[in-house]
Protein chains: 2
Amino acid sequence: MRREQVVPASLDEAADSLARWVAEKRLIVVVGRCSVDYVGRSSSKLGEGDRLIIVKPDGSVLVHRPRGYSPVNWQPDSQYINVSLEGGRLLVRSVRERPREVLDIWFTKVYYAVSFQGMVDEARFYEYMDEHEFRDIIASHPEVLEEGLRVVETEKPVKGGYIDIYAVDSQGTPVIIELKRVRATKEAVVQLKRYVDYFQEHLGVRVRGMLVAPSVTRKAYELASKLGLECRQVSLDKLLKLRPKARPGAPSRSLFDYME
Amino acid sequence: MRREQVVPASLDEAADSLARWVAEKRLIVVVGRCSVDYVGRSSSKLGEGDRLIIVKPDGSVLVHRPRGYSPVNWQPDSQYINVSLEGGRLLVRSVRERPREVLDIWFTKVYYAVSFQGMVDEARFYEYMDEHEFRDIIASHPEVLEEGLRVVETEKPVKGGYIDIYAVDSQGTPVIIELKRVRATKEAVVQLKRYVDYFQEHLGVRVRGMLVAPSVTRKAYELASKLGLECRQVSLDKLLKLRPKARPGAPSRSLFDYME
DNA sequence: GCCTTGATGTCGCGT
DNA sequence: ACGCGACGTCAAGGC
C-alpha cells in the first residue's frame, strides 16, 4: 500500500478531500455525525448519530452504527458517488442503477476522515467443508448413509434445479439425495419432494428421497415422514475424518485443536 | 463523540494500543497487511493481503478486502478479543461461544490504526414501505386490485403459515391474496397454491388465488397461469401516494422525486 | 440479462 | 435457547 491521507476536518475541507478521494478511487473511512436517507428497493430514514462510513474503490458504500455486524445502510456497488455541500451540510450521494437506488449521507460533522490507495490484496480465500466439499465427501463415502448405496451422478441437473446426489440402492431403486451442510429445514424437504415427484413421473418407477444433514429440524422430520421421505443425520466430525487430504494452505492443526 | 487516537504504528506500538482500545471498548479501525484464519460453523483461510479491519464496542469484528459489500471474514459478536505478539506477528483473536467460533487475524504490518470512544447514536431507524406497510396499504385500498373486493382478514393464520390478505370478491367468492413487496418469484406462486388448495379443501367451494407485487417474474407468471392463479402488478409510486400520512421523519419529497 | 441456490448468511419474532 | 420466515438479503453459477 502506497499512500494515505488524513483529515481531522471541517466540513469544507472534508468535502474537498472526499470529492478528490472518490475520484481517485481510494478506500475511504469517515467517522462523523450524519443522518441517512435511502430510497430504492425499499425506503428508509435514519436520524442523526455518530457513524462509521466506508467507501471502497469499487463504489461499495457501508454505513455502520457503533454496534452490530450489519451496516444500517449500504450500497453493494454504485455507479457514481457525488460529494457536495448543501445548506451547511456535507452530502455524500451514492447512486446505483439497475435497480435504481439512491443513498444520501448527510454529515453535520466530520470527526475524522482517512483514505488509502494502492492496497494490494491478491490472496486466495480458501473455504473448507463448504457445500461442495460436503457433497464430495458424502459422494465418496455413500456407506455412511446406507450399506450398498452406489452413487451414479452428482449435481444432476433437473427441471429448475440440481439434485445433489443421484444414487441407486442395493435393490436397484433410485435414491435422490438432498444435502444440507448445516441444518435441514422443511424448505429442504419441499425441495426434495419436488425432485422425487419429478423423477417418479419421468421414470415411472418408485424413487426414494433421502435428506442428509448434520441436523434436521423437527418440522422437517415430520414433513418428511408424512411425504414418505427419509432423513439421515450425519456427524460432521465423522465427515472431517473422512476428508481425503489437507488442501494446500489448510488451517493449522493448532487452530482446529483449539476448537475441540 | 469525545475522543480519538491515532497510531501510524509499529507492530509493538499497535499491539499495546489495540489491547488497551479493546479493553476500553472503543470503535477500532485498522488498515494493515494480514492473513486470516477462521474455524467455526465453517473453516477458512485467507492469505496475506491489505485489509480494513473494524472492531466495534460490542465485539463485532469485520475484515474487509478492498472491494465488495461483504466482509471476507467476520464475527457478528465475540465474547472476548485477545491481542498478542506471536513470533513477530500481531495476532488479534476473536472468540465467540455458542456457536464456538474462533477468528484469528495475523498482522505483519499495521499501516494505520485509529479508535473512537463515546460515539453517540440513539437515532431511530425507520423503514418505509416494509412488508407490513405494503400489506396495510393494499388492505386499505383493495380497489387497486379489483373493483368490489372486500377485505375480510389480514395475516390470517393457516396450517404452516399466514395468508397475507383474505378477501371476498363482488360475487362472494373467497380470494386469497399473496403479497410480495419487491418481486414475486415462482416460490411465491407455490406458497399461494398451497394456501388455495388448503382452503378449497376446507371450504369445499372454489377459491381464487391472487399474487400481488410491483413486479412478477416471467416464470412466476407462467406457473400462476398453469395453476389457475391470478397475478396483479401494482405500482409502488401509486401505493406511496395512497400512504395514509407522512410518518415523522419521512424521506424528503426531493429524494422521492429524484427516484422518478 | 433473469433465474436459482447457498450462506459462518443476519435479524427479529414467536414459543 | 430453538425454530421459522424475511431480507434493500449478497454472491456465485447456469442459461
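Computed from a predicted structure; not experimentally measured. Excluded from the calculations below are hydrogen atoms, water molecules and symmetry mates; all remaining heavy atoms, backbone and side chain alike, are included. Letters go in sequence order (proteins before strands), and every chain restarts at 1.
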Please measure how far the P atom in C/dT8 lies from the corresponding atom in C/dT4, and state the result in whole Å. 22 Å
Derivation of the side chain to side chain donor-acceptor pair (under 3.5 Å) call for B/Y38 and B/E101: CA-CA 7 Å; B/Y38 160 74; B/E101 296 183 285; 2.4 Å; yes
Pi stacking test for A/Y69 and C/dT10: under 5.5 Å apart, planes under 30°: no
OP1 or OP2 of C/dT10 under 4.0 Å from side-chain N/O of A/S70: no
I want to confirm an ordering. Mapping A/G68 and B/S42 to their closest nucleotides on DNA chain C, which one lands closer to the 5' end? B/S42
Using only side-chain N and O atoms of B/R183, determine if any of them is under 4.0 Å from OP1 or OP2 of C/dC3. yes
Could one point to a donor on the side chain of A/E131 or the base of C/dG6 with an acceptor on the other under 3.5 Å away? no
What is the distance from atom CD1 of B/I165 to atom CD of B/E155, rounded to the nearest 0.5 Å? 9.5 Å
So does A/W74 get a side-chain nitrogen or oxygen closer than 4.0 Å to the phosphate oxygens (OP1/OP2) of D/dT9? no
C/dT4 phosphate, OP1 or OP2: any side-chain N/O from B/K186 under 4.0 angstrom? yes
Think A/R194 has a side-chain N or O under 4.0 angstrom from the OP1 or OP2 of C/dT5? yes
To the nearest Å, give me how far apart NE2 (A/H132) and P (C/dT5) are. 17 Å
Can you check whether A/R41 has a side-chain N or O nearer than 4.0 Å to OP1 or OP2 of D/dT9? yes
What is the distance, rounded to the nearest whole Å, between atom CZ of B/R67 and atom P of D/dA11? 13 Å
Assess whether one donor atom and one acceptor atom, taken from the side chain of B/Q191 and the base of D/dG5, lie less than 3.5 Å apart. no
If the cut-off is 4.0 Å, is A/Y195 near the phosphate of C/dT5, judged by side-chain N/O to OP1 or OP2? yes
Distance-only polar pair, side chains of B/D58 and B/S60, donor-acceptor under 3.5 Å: yes
Hey, is the side chain of A/D130 pairing donor to acceptor with the base of C/dG6 inside 3.5 Å? no
Under 4.0 Å between a side-chain N or O of B/T217 and OP1 or OP2 of C/dC2? no
Base, sugar-phosphate alone, or nothing: which one does B/P76 contact when heavy atoms must sit under 4.0 Å apart? sugar-phosphate
Among D/dC10, C/dG6, D/dG5, which nucleotide sits nearest the side chain of A/E178? C/dG6
DNA chain D: A/A220 or A/Q75, which has the more 5' nearest nucleotide? A/A220
Look at A/R181 and C/dA7 and indicate whether a side-chain polar atom (N or O) is within less than 4.0 Å of OP1 or OP2. yes
